[in-house]
Amino acid sequence: MQFRKPMTVLLIAAVLTPIFVMLLLGVGRLLTAMQDADGALLLDRLSLLLSVAWVADVVALVLLLAVESVARRQDDPDESHAD
């Protein structure tokens, strides 16, 4: 099975999503300091949504890696006993 493209997309998302979350939280704190409570609340909710998406992304990445590992083992049974 070929999982290279989905794994690449999930890996890039797993790396970049926390950066965007921190950026949104920082701008939200800036808006709080400027007394823009509505804008800060919006950015807080967006950062929460991205955080949940990041957790789902990491779970999907781990599951995809596990499926690929099992599929690779079934394709090459001699490599599992190469020790």
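Any value given below was found using the heavy atoms of this structure, including those in side chains, with hydrogens, waters and symmetry copies removed. These numbers come from a predicted model, not from an experiment.
Leu43 places a side-chain heavy atom less than 4.5 Å from the side chain of Leu46.
Leu61 and Met7 make their closest contact through CD1-O, 4.0 Å (heavy atoms, listed as atom of the first residue, atom of the second, distance). The minimum heavy-atom distance linking Ala13 with Trp54 is given by the pair O-CD1, 4.3 Å. The two residues Ser51 and Val21 come nearest to each other via the heavy atoms OG-CG1, 3.6 Å. Looking at every heavy atom in both residues, Ala14 comes nearest to Val58 through CB-CG2, 4.4 Å. For the residue pair Ala40 and Gly28, the shortest heavy atom distance occurs at CB-O, 3.5 Å.
Pairs of residues two or more places apart, or lying in two chains, that qualify as side-chain hydrogen bond (donor to acceptor under 3.5 Å, both in side chains) and include a residue from residues 19-30 are Arg29-Asp44.
Between the side chain of Asp36 and the backbone N or O of Leu31 there is no donor-acceptor pair closer than 3.5 Å. For the pair Ser69 (side chain) and Leu65 (backbone), a donor-acceptor distance under 3.5 Å is absent.
Note that CG of Leu63 is 13.0 Å distant from CD of Glu68, once rounded to the nearest 0.5 Å. The line from CG of Leu16 to CG of Leu23 is 12.0 Å long, rounded to the nearest 0.5 Å. Here the CG-CG distance, from Asp57 to Leu10, works out to 5.0 Å after rounding to the nearest 0.5 Å.
Taking a 4.5 Å side-chain heavy-atom cut-off between Ile, Leu, Val, Met, Phe, Trp and Tyr, the cluster of Leu49 contains only that residue.
Taken together through direct or relayed side-chain contacts under 4.5 Å among Ile, Leu, Val, Met, Phe, Trp and Tyr, Leu50 and Leu30 form parts of separate hydrophobic clusters. Under the 4.5 Å side-chain heavy-atom criterion for ILVMFWY residues, no single connected hydrophobic cluster contains both Leu24 and Val52. By the criterion of side-chain heavy atoms lying less than 4.5 angstrom apart, applied directly or through intervening Ile, Leu, Val, Met, Phe, Trp or Tyr residues, Val27 is grouped together with Leu42 in one hydrophobic cluster.
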